[in-house]
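Naming convention: chains lettered A, B, ... in sequence-line order (proteins, then strands); numbering from 1 in each chain.
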There are 2 protein chains.
Amino acid sequence: MSELQSQSALYQLRRQVLSGELRGGTKLRASHLSADMGVSRTPISEALITLEGEGLLIRDKSGFTVRRFALEDVFDAIDLRGLLEGAAVRRAAERGVSDAAIADLNARLHALDAAIEQGDVAQYDQLNLGFHNQLIALSESDILIAEVQRSYRLPFAGPSAFPTQHTDAARFRASLIIGQEHHRQIVSAVTQRESARAFALMCEHARLAHQNVHVAVAARQDAPQLALVDRA
Amino acid sequence: MSELQSQSALYQLRRQVLSGELRGGTKLRASHLSADMGVSRTPISEALITLEGEGLLIRDKSGFTVRRFALEDVFDAIDLRGLLEGAAVRRAAERGVSDAAIADLNARLHALDAAIEQGDVAQYDQLNLGFHNQLIALSESDILIAEVQRSYRLPFAGPSAFPTQHTDAARFRASLIIGQEHHRQIVSAVTQRESARAFALMCEHARLAHQNVHVAVAARQDAPQLALVDRA
DNA sequence: TTTATCCGATATGCATGCAAAAGTGCGCGC
DNA sequence: GCGCGCACTTTTGCATGCATATCGGATAAA
């Protein structure tokens with residue numbers, strides 16, 4: 001496990017931005033960060049440049065600033081993810097997928113069912129991510145795959161972002177069940193090469209995240225998951 | 001015009017990759033490039049990291065390599081652009097745009113007409129880019145705007161990439177006329193808040209670039225515009 | 001001839017030095 | 001009291017030094 005310092009700094013900073021630990025508008029000073037993290041400014045700079053490319057930081061003259069994300073930006077990021085994932089499954093459906101791939105997807109669906117049944121959220125999240133990745137891979141489009149992965153890095157746009165989970169257990173469980181139904185129908189659509197249906201379902205599937213965010217916002221108990229959102 | 005060296009290196013390298021001057025698979029050695037361009041390795045490294053983020057380079061252990069783009073990747077990039085621009089105009093149509101914005105778009109349409117009439121390709125390209133940017137901006141979604149801009153950086157995905165122009169003048173002129181008709185209908189759709197129509201039109205509009213690429217490939221005179229495409 | 005291995009050459013990752021630019025705070029003038 | 005300007009401090013962008021990892025080639029063995 002070679003731990004490059006620039007990578008380590010990148011992960012750490014990305015986490016801090018996405019978690020809201022670093023508030024929008026915060027000026028990031030490479031020199032200060034380097035002292036903080038015990039490495040030199042070079043790897044820090046590299047991490048900052050990468051994060052700028054990911055749209056999490058903004059570079060003004062002389063310095064990086066944490067981007068402010070309004071609630072609307074969060075919704076836009078979620079929709080973007082849905083759009084890109086939708087395009088990927090549409091492509092997969094048009095192209096047609098092998099029986100082996102369909103069997104694999106079905107196996108993943110069963111595993112997800114089990115995780116939901118057992119209420120194992122961590123397990124669900126992991127399986128869910130794997131399911132999405134597998135589905136996207138079936139597009140066999142390197143560019144789409146890369147762009148989807150990139151969209152996952154936007155705030156709350158990753159398929160495993162579930163800010164509801166500590167707010168309303170019943171509602172959270174319901175959203176898992178609904179999401180799983182989406183999963184099933186998406187696999188069905190891809191299997192039957194119904195590309196438009198696959199696309200529409202995937203877009204709608206992402207919209208579940210909208211609901212979760214809305215719930216978290218409504219229960220405005222300073223939900224720590226929403227710390228990154230710029231409250232105007 | 002303060003020319004930061006890292007910026008200058010970035011532009012230069014990006015151009016070299018997109019133009020195919022640097023072939024896919026080429027190993028980029030920071031030390032060599034720094035000697036070549038007369039700057040130290042630090043700004044070169046920064047440029048390389050940025051280009052990796054743009055998907056033009058791939059970072060393997062110890063070093064950057066120019067990404068290989070197959071023809072299929074070019075088409076995927078074009079479709080991606082259409083998808084994102086389509087999402088933007090759909091949003092614009094749903095949101096509704098001001099009379100002033102519509103007037104502005106119509107003025108741009110007239111300017112484009114004039115450029116086509118006069119056969120001024122450079123002028124057309126510039127106006128076309130401005131038209132697209134203006135249209136996208138009407139989505140008022142920072143995230144969509146950023147992603148569209150990003151997609152422009154992918155090979156041949158920018159709205160001004162016209163590899164046909166030296167191949168078949170009549171066909172090229174026809175594609176401009178057809179594109180302009182798309183433009184008009186897109187403005188119409190946005191004006192009338194017909195979001196689905198705007199989306200579909202924009203997706204199809206991007207497909208014009210497919211045709212141009214196809215033509216360039218068919219006239220396989222080692223079209224220099226296609227040098228970047230990895231010939232298998 | 002092919003394959004494995006060692007070793008020198010070279011490039012990379014990171015640290016740090018330096019000049020220039022940006023930011024900060026203070027006092028002065030209005 | 002408020003805004004402006006000036007000097008000081010900090011930070012950045014870039015260059016470069018150094019240790020380590022990687023690559024390429026030659027040699028030796030099968």
Side-chain angles (χ1 to χ4, degrees), chain A residues 1-17 21-68 146 149-150 153 230, chain B residues 1-17 21-68 146 149-150 153 230:
Chain A
M1 201 76 81
S2 73
E3 267 300 285
L4 248 48
Q5 316 218 241
S6 58
Q7 291 277 88
S8 157
L10 173 62
Y11 296 146
Q12 199 170 331
L13 287 170
R14 182 158 49 211
R15 194 187 47 71
Q16 288 182 337
V17 171
E21 192 175 330
L22 288 169
R23 281 302 191 76
T26 304
K27 196 85 187 286
L28 293 184
R29 264 156 298 215
S31 56
H32 184 254
L33 290 172
S34 87
D36 244 23
M37 303 174 53
V39 296
S40 84
R41 292 175 302 142
T42 309
I44 299 287
S45 268
E46 297 177 354
L48 294 177
I49 289 170
T50 301
L51 290 172
E52 183 203 7
E54 293 180 5
L56 299 184
L57 303 183
I58 291 173
R59 186 176 207 164
D60 42 19
K61 55 185 171 193
S62 146
F64 294 86
T65 304
V66 179
R67 173 162 172 189
R68 292 177 192 277
Q149 295 301 328
R150 181 183 150 82
R153 306 239 157 86
D230 200 47
Chain B
M1 200 76 80
S2 72
E3 267 299 281
L4 247 48
Q5 316 219 239
S6 58
Q7 292 277 86
S8 157
L10 172 63
Y11 295 147
Q12 198 169 332
L13 287 170
R14 182 156 51 209
R15 193 185 49 71
Q16 288 182 337
V17 171
E21 193 175 328
L22 288 169
R23 281 301 192 75
T26 304
K27 196 85 188 286
L28 293 185
R29 264 156 300 221
S31 56
H32 184 254
L33 290 172
S34 87
D36 244 23
M37 303 177 50
V39 297
S40 84
R41 293 174 302 143
T42 309
I44 299 286
S45 268
E46 295 177 354
L48 293 177
I49 290 170
T50 301
L51 290 172
E52 183 203 7
E54 293 179 6
L56 298 184
L57 302 182
I58 292 173
R59 186 175 209 165
D60 41 20
K61 57 185 169 192
S62 145
F64 294 86
T65 303
V66 179
R67 172 162 173 189
R68 291 177 192 278
Q149 295 300 329
R150 180 183 151 82
R153 306 238 156 88
D230 199 47

Original post:
Taking atom CD1 of A:Ile58 and atom NZ of A:Lys27, what is their separation to the nearest 0.5 Å?
Top reply: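 If I round to the nearest 0.5 Å, the distance is 12.5 Å.
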Original post:
Quick one: are A:Arg68 and A:Arg23 in side-chain contact, heavy atoms under 4.5 Å?
Top reply: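 Not in contact.
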**OP:** Figure out the CD/P separation between B:Gln7 and D:dG13, and round it to whole Å.
**Re:**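 One finds 10 Å between P of D:dG13 and CD of B:Gln7, rounded.
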Original post:
Does A:Thr65 reach the side chain of A:Leu57, with side-chain heavy atoms less than 4.5 Å apart?
Top reply: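 No; the side chains remain at least 4.5 Å from each other.
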Show me, pair by pair, the donor-acceptor contacts under 3.5 angstrom made by side chains of residues 33-56 of chain A, not counting sequence neighbours?
residue, atom, partner, partner atom, Å
A:Ser34, OG, A:Ser31, O, 3.0
A:Ser40, OG, A:Thr42, N, 3.3
A:Thr50, OG1, A:Glu46, O, 3.1
A:Glu54, OE1, A:Arg14, NH1, 2.9
A:Glu54, OE2, A:Arg14, NH1, 2.5

Original post:
For DNA chain D, which residues in residues 53-61 of chain B have a heavy atom at a distance below 4.0 Å?
Top reply: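 None - not one residue of the stretch has a heavy atom sitting under 4.0 Å from the strand.
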**OP:** Name the first nucleotide and the last nucleotide along DNA chain C (5' to 3') that come under 4.0 Å of a heavy atom in chain B.
**Re:**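 Going 5' to 3' along DNA chain C, contacts run C:dA11 to C:dC14.
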Original post:
If you take all heavy atoms of B:Leu22 and B:Val66, which pair is closest and at what distance?
Top reply: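 Heavy-atom minimum between the residues: O-CG1, 3.8 Å.
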Subject >> With sequence neighbours excluded, residues passing salt bridge (charged side-chain N to carboxylate O under 4.0 Å, His left out) with A:Arg29 >> reply: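 Result, salt bridge (charged side-chain N to carboxylate O under 4.0 Å, His left out) vs A:Arg29: none returned.
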Original post:
In degrees rounded to 10°, what angle is found between the helical axes fit to the five outermost pairs at each end of the helix from C:dT1-D:dA30 to C:dC30-D:dG1?
Top reply: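 Between the axes fitted at each end of the helix from C:dT1-D:dA30 to C:dC30-D:dG1 lies an angle of 30°.
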Subject >> All side chain to side chain donor-acceptor pair (under 3.5 Å) counterparts of B:Gln12, not counting sequence neighbours >> reply: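 Expected list: none.
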Subject >> Minimum side-chain heavy-atom gap B:Tyr11-B:Gln7 below 4.5 Å >> reply: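 Yes, at least one pair of side-chain atoms sits under 4.5 Å.
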**OP:** Could you identify which residues of residues 24-49 of chain B place a heavy atom less than 4.0 Å from some atom of DNA chain C, listed by residue number, or say none?
**Re:**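 Those residues whose heavy atoms fall under 4.0 Å from DNA chain C, taken from residues 24-49 of chain B in numerical order, are B:Leu28, B:Arg29, B:Ala30, B:Ser31, B:Arg41.
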Original post:
Of all residues at least two apart in sequence or in a different chain, which pass the side chain to side chain donor-acceptor pair (under 3.5 Å) check with B:Arg67?
Top reply: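 Side chain to side chain donor-acceptor pair (under 3.5 Å) check on B:Arg67 returns nothing, list empty.
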